[in-house]
2 protein chains.
Amino acid sequence: MINILLADDHEIMLDGYISILQHQEDINIIGTAANGREVLTVLEMKPCDVLLLDINMPLMDGLETAKFLRSSKPGISIIVLTMLNNLRYIHSMVDLGVSGYVLKSCGKSILLEAIRTAARGEKYFDEYVTSIIKAGYKRSFTVDDSEVVLSERETDIIRLVALGLTTKQIADELFISPLTVQTHRKNINFKLQLHSPSDVTHFAFTHNLLISKP
Amino acid sequence: MINILLADDHEIMLDGYISILQHQEDINIIGTAANGREVLTVLEMKPCDVLLLDINMPLMDGLETAKFLRSSKPGISIIVLTMLNNLRYIHSMVDLGVSGYVLKSCGKSILLEAIRTAARGEKYFDEYVTSIIKAGYKRSFTVDDSEVVLSERETDIIRLVALGLTTKQIADELFISPLTVQTHRKNINFKLQLHSPSDVTHFAFTHNLLISKP
DNA sequence: ATCAAATTACCCGATTCTGGGTATGGATGC
DNA sequence: GCATCCATACCCAGAATCGGGTAATTTGAT
């Protein structure tokens with residue numbers, strides 16, 4: 001029997017999870033939590049094997065909660081649930097040793113598979129998430145129906161531009177010449193048909209490039 | 001009896017809605033749809049009073065679906081469901097005459113109230129959504145614990161900067177002098193402690209300022 | 001060995017942006 | 001009437017960016 005705690009601040013999502021899991025013979029829902037603090041409260045009182053953890057929660061978010069649990073409850077397998085456009089903490093979570101990383105858009109069968117895999121002490125990462133970890137930031141994009149490939153350095157530069165750093169600041173950050181940064185920026189703009197720092201920032205936001213690097 | 005169709009491409013969300021609504025004596029779920037096309041297919045076969053409509057769906061998104069339904073099935077009350085960080089089409093939807101606009105983060109009671117209100121032919125808009133419509137873009141923000149108020153013009157400028165327009169282009173767009181745009185940009189940067197077009201774009205993304213104006 | 005990709009670096013001129021300052025007129029509220 | 005806010009407009013100097021071009025070296029695949 002897998003004891004599972006569900007953590008998400010969206011009531012409808014919780015109801016969705018419950019609806020899916022309550023009829024599984026090998027799964028026992030020990031409770032729900034709407035924020036990280038409630039997670040800790042419930043876990044003090046009930047044995048738990050798997051935690052389904054939303055990242056965006058009030059009071060204590062998913063990352064903080066996971067960090068706390070790694071030391072206080074290392075036996076609990078954590079499955080992170082997130083939206084496609086919110087993969088910001090993917091590497092932090094993976095480094096923390098979470099057992100799974102699944103998109104909220106996944107279907108029932110994937111959710112169940114992730115839970116059972118995690119309960120066995122194994123890892124389950126969504127395909128997309130796996131591809132992000134593996135790609136190490138070399139990324140393909142479709143721009144006007146043609147395939148564009150950005151190098152790792154280029155995606156580094158995009159992220160730093162999107163964070164508001166000037167060319168000089170980026171150069172200092174990466175220990176290279178500002179002229180080199182300029183060259184990268186020129187190549188990026190050419191490849192992606194961008195024309196301003198705003199365009200670059202816009203691109204970074206709409207293509208999940210603000211993910212913190214491992 | 002309210003006949004209701006649920007449209008969302010996230011299976012877990014659908015299960016959540018079903019879980020909440022299936023036990024209501026006055027609500028009859030006529031079906032589910034994972035994209036706009038399925039919505040139209042179901043509506044050709046079954047009578048429907050209320051449509052719960054997600055905006056982000058494949059094949060035919062929520063806005064397109066709503067547009068189509070306004071002419072083909074004007075008797076159906078549409079309740080839009082959306083995430084807090086995705087209010088881009090709020091004015092388009094309101095202009096289309098949707099009966100409700102609710103955040104996915106809402107609880108059961110608000111969802112039920114919205115459905116019953118819409119079924120009565122009345123409007124139900126989430127508080128936050130209502131405040132956006134009413135504010136007409138004059139907006140308050142908290143920057144370093146102090147309250148900052150932006151004028152409508154300033155939020156116009158922010159949005160256009162975030163869309164990548166140069167000062168000259170913005171001036172052309174708004175029929176004013178580029179010098180005026182510069183002045184507005186200076187005031188915006190001062191108020192919000194921003195220092196580059198990237199900062200402005202970043203702010204626009206993180207504060208929902210890319211909403212299209214009515 | 002050859003080739004392609006990635007990284008690093010540079011020159012150039014033109015355009016754009018920032019942040020300091022100035023000012024006026026209109027609308028609104030007291 | 002007065003004060004405030006907003007929109008509009010301008011001057012200035014310096015910094016930043018773009019897009020045109022150039023080049024060399026390293027690495028990995030064939």
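Lettering follows sequence order; numbering is per chain, from 1. Computed over heavy atoms, backbone and side chain alike; hydrogens, waters and symmetry mates excluded.
- Nucleotide D:dT17 holds its P atom 12 Å from the CD1 atom of A:Ile188, rounded to whole Å.
- What separates CG of B:Leu179 from C1' of D:dC10 is a distance of 6 Å, to the nearest Å.
- When side chains are defined from C-beta on, A:Ile176 counts as touching A:Val181, because their heavy atoms get closer than 4.5 Å.
- The aromatic rings of B:Phe205 and A:Phe205 lie parallel to each other, their planes meeting at an angle below 30°, with 60° marking the opposite boundary.
- The CG atom of B:Leu150 sits 15 Å away from the C1' atom of D:dA7 (whole-angstrom rounding).
- There is a side-chain donor-acceptor pair under 3.5 Å between A:Ser198 and B:Thr201.
- The side chain of B:Thr180 places an N or O atom within less than 4.0 Å of a non-bridging phosphate oxygen (OP1 or OP2) of D:dA9.
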Nucleotides 26-30 of chain C: which of its N/O atoms have a protein N/O under 3.5 Å away?
none

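- Rounded to an integer number of Å, the gap from B:Asp156 CG to D:dC6 C1' is 13 Å.
- For the contact set between residues 161-177 of chain A and DNA chain D, defined by any heavy atom under 4.0 Å, the members are A:Thr166, A:Thr167.
- At whole-Å resolution of the value, CD in B:Glu154 and P in D:dC5 are 12 Å apart.
- Within a 6.0 Å radius of NZ in A:Lys67, no more than 12 heavy atoms belonging to other residues, nucleotides or ligands are found.
- Judged by distance alone, with hydrogens and angles left aside, the side-chain atoms of B:Glu173 form no donor-acceptor pair with the main-chain N or O of B:Ile170 at under 3.5 Å.
- Within the 4.5 Å cutoff, the side chain of A:Tyr17 has no heavy atoms near those of the A:Asp54 side chain.
- Here the C1' atom of nucleotide C:dA9 and the NE2 atom of A:His184 are 10 Å apart, to the nearest Å.
- Open room surrounds NZ on A:Lys108; 12 or fewer heavy atoms of other groups in view lie less than 6.0 Å from it.
- Side-chain contact between B:Arg159 and B:Leu210 is present, with at least one heavy-atom pair separated by less than 4.5 Å.
- Residues A:Ile78 and A:Val50 have side chains not in contact (no heavy-atom distance under 4.5 Å, counting atoms from C-beta outward).
- The nearest whole Å value for the distance from the CG atom in B:Asp199 to the P atom in D:dT17 is 11 Å.
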Task: Under 4.0 Å protein heavy-atom contacts per nucleotide of nucleotides 19-30 of chain D, with B for base, S for backbone only and - for none - done: BBB---------

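- One N or O on the side chain of A:Asp199 and one on the backbone of A:His195 form a donor-acceptor pair closer than 3.5 Å.
- The nearest whole Å value for the distance from the CG atom in B:Leu192 to the C1' atom in C:dG19 is 15 Å.
- Distance alone, capped at 3.5 Å, is enough to place a donor-acceptor pair between the A:Lys123 side chain and the A:Gly97 backbone.
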